[in-house]
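The structure appears right after this line, and notes come after that.
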Amino acid sequence: MAESKQPSINLSGTNVAIIMDGNGRWAKKNSLNVTSGHERGVDVVRKIVESAAKAHLESLSLYAFSTENWSRPKKEILGIKKLIISAIDSQVPELINQKVRLNFFGDYSSFGDGVIGAIDEAQKATAFQDPKLKLNIALGYGGRADIIEATKLIANDIKLEKLSVEDVSNETIFKYLKAPINELDLLIRTGGDRRISNFLLYHLAYTEIQFSKTLWPDFTEGEFVKCLEVFSKTERRFGKRTL
Ligand code: IPE
Ligand code: IPE
Ligand code: MG
């Protein structure tokens, strides 16, 4: 009997994020241009989203483009811009079928009206009240920019007396941050580097972190499910004495 791709794991309520790194190195290794690496990366996203839904995850947050990535060559950014639009076009019907709610976060205005319009439409088309999976895409996102912006908004609301200093709590900060998650349970980074690269800085306080040497375009559903299995067997102590 053929091995089923359906993960047997059930991680309902779990919030997972991925730093999808390694597209450039994959392209170089295969004598292709960097845009082909990003294209191959999008194919992998499709499979991992399916797998995340099968594993009953609450949310999957994918780091697609950072604030620092704006310093990349114009040609690469243009390639990514076209790819965002074509990926939305081709993937949204499938996301609707799977009842996946799509949500982009970050400042992606510099990608222009085409990208902004495509994202608006995709978010509207997938705005399920009770989604099977929340798929969050970080685009033009930086953890520091998110914290700076939230700090300004909080300070302003205090000035306007909509909020009191005493009321500022962890929950308040989550509310003001733009990233659409609170506690993050598991972060996976592919591509072999062991760093956070300005992703969900505030949310990472008690996140389990796994690093994979696999370049993102080579990442498989099988490896993803293995990461989930390792996570499910990890004892999370949150500072408590459990012995
Ligand atoms: C990650 O892959 C995708 C983006 C940052 C847009 P990279 O393009 O960073 O791939 P490497 O790290 O150069 O291999
Ligand atoms: C992190 O990868 C950002 C994304 C995957 C979108 P980078 O390739 O930009 O990170 P650094 O430069 O290696 O830290
Ligand atoms: Mg990289």
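Atoms within a ligand are numbered from 1 in the order they appear, just like the ligands themselves.
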Notebook entry, point to check: Which ligand 1 atoms are under 4.0 Å away from a heavy-atom of Gly24?
Noted result: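 Selected atoms, number and element: 7 (P), 8 (O), 10 (O), 11 (P), 13 (O), 14 (O).
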Check: Atoms of ligand 1 less than 4.0 Å from Ala64 heavy atoms?
Finding: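 Answer for ligand 1: 4 (C), 6 (C).
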Would you call [X] and [Y] a salt bridge, using N to O less than 4.0 angstrom?
X: Glu58; Y: Lys134; answer: yes
X: Asp185; Y: Arg236; answer: yes
X: Arg195; Y: Asp21; answer: no

Counting non-hydrogen protein atoms only, what is the nearest one to [atom]? Give residue, atom name and distance.
atom: atom 1 (C) of ligand 1; answer: Met20 O, 3.1 Å
atom: atom 7 (P) of ligand 1; answer: Asp21 OD1, 3.5 Å
atom: atom 9 (O) of ligand 2; answer: Asn69 ND2, 2.9 Å
atom: atom 12 (O) of ligand 2; answer: Arg195 NH2, 4.5 Å

Next item on the list: Identify which of Tyr63, Tyr141, Phe199 has a heavy atom lying nearest to atom 6 (C) of ligand 2.
Entry: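 It is Tyr63 whose heavy atom sits nearest to atom 6 (C) of ligand 2.
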Notebook entry, point to check: Which atom, counting only N, O or S, brings Asp21 closest to the Mg ion (ligand 3)?
Noted result: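 Going through the N, O and S atoms of Asp21 one by one, OD1 ends up nearest to the Mg ion (ligand 3).
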Item checked: Under 2.8 Å: N/O/S of Asp193 next to the Mg ion (ligand 3) ->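 No - counting backbone and side chain alike, Asp193 has no N, O or S atom under 2.8 Å.
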Using a 4.0 Å cutoff against the non-hydrogen atoms of [X], which atoms of ligand 2 qualify?
X: Ser197; value: 1 (C), 10 (O), 11 (P), 14 (O)
X: Ile19; value: 1 (C), 5 (C)
X: Phe65; value: 6 (C)

Notebook entry, point to check: Taking the six-membered ring where the residue is Trp, are the ring centres of Tyr63 and Trp216 under 6.0 Å apart?
Noted result: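 No, the ring of Tyr63 stays outside the 6.0 Å limit from the ring of Trp216, centre to centre.
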Check: So, do Tyr108 and Phe65 have ring centers that fall under 6.0 Å from each other?
Finding: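 For Tyr108 and Phe65, the ring centres are not under 6.0 Å apart.
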Next item on the list: Quick one: pull up CD in Glu76 and CG in Leu83 and give me the separation to the nearest 0.5 Å.
Entry: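 With rounding to 0.5 Å, CD (Glu76) is 11.0 Å from CG (Leu83).
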Check: If you measure from NZ on Lys29 to CG on Leu215, what distance do you get to the nearest 0.5 Å?
Finding: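 Output value for this atom pair is 5.0 Å.
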Notebook entry, point to check: If you measure every N/O of Arg72 against every N/O of ligand 1, is any gap under 3.5 Å?
Noted result: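 Among all N and O atoms of Arg72, at least one is under 3.5 Å from an N or O of ligand 1.
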Check: Below 3.5 angstrom, do we get any N/O pair linking Trp26 and ligand 1?
Finding: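 N/O-N/O distance below 3.5 Å does not exist for this pair.
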Margin query: Quick one, Ile147 with Leu201, criterion side-chain contact (heavy atoms from CB on, under 4.5 Å). Give me CA distance, side-chain angles, the key distance, then yes/no.
Written below: CA-CA 8 Å; Ile147 291 170; Leu201 300 181; 4.1 Å; yes
Next item on the list: Indicate whether any N or O donor in one side chain lies under 3.5 Å from an N or O acceptor in the other, for Glu223 and Thr214.
Entry: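 Present: a donor and an acceptor within the cut-off.
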Notebook entry, point to check: Once the angle between the rings of Tyr206 and Phe238 is folded into 0 to 90°, is it parallel (under 30°), tilted (30 to 60°) or perpendicular (over 60°)?
Noted result: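 Rings of Tyr206 and Phe238: tilted, 30 to 60°.
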Note to self: How about CZ on Arg25, more than 12 heavy atoms from neighbouring residues, nucleotides or ligands closer than 6.0 Å, or not?
What the structure shows: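 Yes, enclosed.
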Notebook entry, point to check: So, does Lys28 sit close enough to ligand 1 that a heavy atom of it is under 4.0 Å from the ligand?
Noted result: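 No, that is not the case, since the closest heavy atom of the residue is not under 4.0 Å from the ligand.
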Note to self: Could you check whether any heavy atom of Gly22 sits closer than 4.0 Å to an atom of ligand 1, since that is the contact criterion I want to use?
What the structure shows: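 Contact check Gly22 vs ligand 1: positive.
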Check: Taking the non-hydrogen atoms of Arg189, is any one of them nearer than 4.0 angstrom to ligand 2?
Finding: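 Contact check Arg189 vs ligand 2: positive.
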